[in-house]
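Here the structure is laid out as structure tokens; the discussion comes afterwards.
What you see below is based on every heavy atom in this structure, not just the backbone, and it leaves out hydrogens, waters and symmetry mates. Counting starts at 1 for both ligands and their atoms, in listed order.
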Amino acid sequence: MKQTKNLSGLNLNKETILSDFRLANLSRNLSVTGRREVLTGKAKFGIFGDGKELIQIAMAKQFRDGDWRSGYYRDQTWMMAMGLYDSLEFFHQLYGNTDRTISHGSGGRVFNNHFSVPNINRDGSWRDLTKQKNSSPDISPTAGQMPRLLGLAYASKLFRQNKELHKYTTLSDKGNEVAFGSIGDASTSEGHFWETMNAAGVLQVPMAISVYDDGYGISVPKKYQTTKGSISEILKGFESEKDKPGIRILKGKGWDYPGLVSLYEEGIAFCRENHVPVLFHIEEVTQPQGHSTSGSHERYKSEERLKWEADFDPIKKMREWILESGFASEKELDKLVAETEEEVKESRKKSWEMFQNPIKVERDALVKIINDRSCRCVEKAKEDTVDSYTEDLKQVLAPIRKDNFVTARKILRNVCQTCMKSDNLKEELYGWLKRNNEDARKSYDAFLYNETPTSVLNVKPVPPVYSANSEEVPGRQVLRENSDKLFAKYPLLVTFGEDTGHIGGVNQTLEGLQKKYGELRITDTGIREATILGQGIGLALRGMRPIAEIQYLDYLMYALQLLSDDLATTYYRTAGRMIAPLIIRTRGHRLEGIWHSGSPMSMLINSVRGVYVCSPRDMTRAAGFYNTLLEGNDPAIVIEPLNGYRLKEKMPDNIGEIRLPLGIPEILAEGTDLTLVTYGSTCKVALEAVKQLKAHDISVELIDVQTLVPFDRNKMILESVKKTNRVLFLDEDVPGGTTAYMMQEVIEKQGAWQYLDSPPKTLSGKEHRPAYTTDGDYFSKPNAEDVFDIIYGMMKEAVPAKY
Ligand SMILES: Cc1ncc(C[n+]2csc(CCOP(=O)(O)OP(=O)(O)O)c2C)c(N)n1
Ligand SMILES: [Mg+2]
């Protein structure tokens, strides 16, 4: 391994130093002004990067086009130093401006100082990621950036070591990209941090993580956070030794400008060249304004600490160093500081106007509608109410859209019902609401799922084809053959997970494929679900096609926080600018025992909106979903039915080609008396019950919804209920879980209530988790007899004479 020499001759000249000094001051001034904007009520909340300026300026010097960032809310100076953020955008974020054309971050969806850089174009195509400085989109949960950072770094390893990927020159320059991370000292207490550090050491990836050690996590000091009070000390066991690869640890001080510049120059070059993870422990960092606008640090920091922070303020120390070294005079520096003050003042004013103007235009249009109305024949009381609402709205100095909408909607209620003139007014008000609601929808609701042509919902379906000699094989073989075709077809496809590689998965659905396609493509991982998911997110952001395997659905809980906070919100929180089309493969349903039953589906669907949820009833359907997903760009979970690997299925002649559409149910049995709606493994239970019911002259239409999200896009279930006038929703989740979700979709959203002759019903598992053994299963989850009894009961209630 090559050691890069410690560069004592720094590449710093007067111009660079003064420009860095100016930037540090600009950033600081923004932090100070930003806090004031919140405290005076113009913005809701603010969190800033004061005290961390110099670390980030030093880091940014080593950040090249193609590199990736996964950081947190302190990184404003870093982003500015890379040219990705400026004082105007700083205020746009602070005010929550939703205009997608001006704001670099989240389109007003996330707190300030949460950053992102688009990885796709407006049409959904990938950008040239090697020609821009990349930032994955930040989240607020502490240490939530770590697992994704691992994936961003892991991609470089794959792009470097798998020569077949060298042709993807817009995704990577042969894996020479470093994934830079940042984290606060207190957040290193989180499990995600430790899991990531261990995995990075095992994988040997170019991950450069900086810990900004300002001694506090809000009010809680280091002694309650970190053993021995030092993250670098306790990480010593992770350090590389001769023939024992690990991580490299470097230390610096947050106020030491030349020291930081040389530290990062050396550390990042080493990381980039050798693909060894490096941790930069930056100590003696300050937090001049305390944690955020939600509190003040004078409440919990001692006098001595506050004094130390003032003395070791990085900008103060940098100024001293510049003066001592003779790079500039006091006067020159004062001039630069004054310039930044002016810039901040102007940006604040301009950004505020840009934020306020459209709202005022919207308001003025509303006020004009009211003022110009010819409908004056309303009752006096109502007339007064309308006028007073309008007057109140006009008085609001800094209106927000809510003010306009509340007024419009309240006025509408007070328009009189009778004359022709009021019709005009109503029409105008409805028009105003419709126009502006559509705009608000775009600002706040759009971009939950891929809205570009690359959406998986646009993928053309291909049904399975069978012939007379189609063979019956165990379900696992269907998946294996399908996977073989997929790995041959998509060079960017990789899969990884516990037992996924050498033995080809616990159910051998990838048997022999690691040998065929290599360890870089079909890979074993440690038992670490959160970072398996993070690995997948990072790879997906970088344009690869990962399938992250979580061995059992029950253990997806370990990754649920990230699945919900990170993956499910990626597209939404970047207002459609970034996409992470990660496929999560897992298996569930119908095993036995508290931690092996795989049924908590409502937990999933209710926490991962933004990720499609496919629940195939057999392996042919599962294969069809993988194939569809790989043709589009959406994140999705596929839950393979655990009891289906050994059951026989016919091998489709076109295995590898079949594509199952998402959101299109399938009718498994036609019937006229009742519609039975279910998914996944309970399809088999339902089929058995349908057979039993037929013998008793009850004709059931059985529908497999196939995907829970999206749900029955063409209202196939509604059509069935129109015919049967009765419906039962079945699954093995808890009561009030996914059956309740399906019931809402069908009865409320599709409007099936109008066609019902019997009350709609649900049949789910019990409230407790399923017990062990076949009897435990029989009494915990719905079985064919339960389905029979409930449907028979519904029919008896409806037609007592017959049953
Ligand atoms: C999982 C989680 N728990 C708690 C919080 C609330 N919180 C926000 S920042 C913070 C302190 C973080 O301290 P540190 O990591 O040292 O970063 P610093 O703010 O000091 O830069 C806490 C507890 C959170 N955002 N996420
Ligand atoms: Mg801290």
Side-chain angles (χ1 to χ4, degrees), residues 27-28 31 34-35 44-56 59 69-79 110-115 137-149 181-197 209-227 229-232 234-235 252-255 279-297 299-301 305-306 308-309 312-314 530 533-534 557-566 569 573 607:
S27 177
R28 175 64 62 86
S31 299
R35 185 176 172 88
K44 274 230 117 161
F45 173 77
I47 193 150
F48 307 108
D50 43 309
K52 281 85 184 168
E53 292 92 351
L54 301 188
I55 315 171
Q56 297 176 18
M59 192 155 45
R69 169 185 170 276
S70 181
Y72 79 121
Y73 49 78
R74 299 283 180 220
D75 290 341
Q76 71 194 51
T77 320
W78 182 5
M79 291 297 286
V110 186
F111 282 171
N112 77 313
N113 282 339
H114 286 60
F115 307 104
D138 297 343
I139 59 176
S140 297
T142 52
Q145 70 273 36
M146 292 296 296
R148 170 181 359 113
L149 175 66
S182 65
I183 189 167
D185 54 322
S187 300
T188 63
S189 310
E190 292 278 12
H192 283 343
F193 174 81
W194 292 94
E195 196 177 308
T196 302
M197 292 313 295
I209 173 77
S210 295
V211 181
Y212 307 159
D213 190 347
D214 61 13
Y216 288 85
I218 309 186
S219 67
V220 182
K222 243 187 329 190
K223 70 172 176 178
Y224 297 115
Q225 302 280 3
T226 310
T227 307
S230 166
I231 193 65
S232 50
I234 56 171
L235 275 169
K253 296 189 193 316
W255 48 264
L279 177 124
F280 297 85
H281 182 197
I282 310 300
E283 296 177 287
E284 300 187 25
V285 178
T286 69
Q287 203 185 59
Q289 300 194 106
H291 177 75
S292 71
T293 53
S294 301
S296 79
H297 61 157
R299 275 196 301 150
Y300 50 81
K301 284 182 187 162
R305 173 74 195 185
L306 289 168
W308 178 85
E309 290 205 13
F312 282 79
D313 186 302
L533 188 79
M557 291 251 234
Y558 275 70
L560 189 64
Q561 180 267 321
L562 282 174
L563 191 52
S564 182
D565 286 333
D566 195 353
T569 66
R573 75 180 188 268
S607 54

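- A salt bridge does not link Asp185 with Lys222: none of the charged nitrogens is closer than 4.0 Å to a carboxylate oxygen.
- Using a 4.0 Å cut-off between charged side-chain N and carboxylate O, Asp138 and Arg69 make a salt bridge.
- Summarising the geometry of Gln145 relative to Gly71, their closest heavy-atom pair is CB-O, 3.6 Å, with the distance given to 0.1 Å.
- Remark: Arg573 does not engage Asp565 in a salt bridge, criterion side-chain N to carboxylate O under 4.0 Å.
- The Mg ion (ligand 2) lies closest to atom OD1 when only the N/O/S atoms of Asp214 are considered.
- Of all N/O/S atoms in Asp185, OD1 sits nearest the Mg ion (ligand 2).
- Glu284 contributes atom CD, which lies 11.5 Å from atom CD of Glu309 (distance to the nearest 0.5 angstrom).
- Enumerated by chain and number, the residues approaching ligand 1 to less than 4.0 Å through a heavy atom are Tyr72, Tyr73, Arg74, Ser140, Pro141, Thr142, Gly184, Asp185, Ala186, Ser187, Glu190, Asp214, Tyr216, Gly217, Ile218, Gln287, His291.
- Among the candidates Asp50, Asn112, Asn113, the single residue satisfying the side-chain hydrogen bond (donor to acceptor under 3.5 Å, both in side chains) test with Gln76 is Asn113.
- Rounded to the nearest 0.5 angstrom, Thr293 OG1 and Phe45 CZ are separated by 5.0 Å.
- Residue contacts to the Mg ion (ligand 2): Tyr212 brings no N, O or S atom closer than 2.8 Å.
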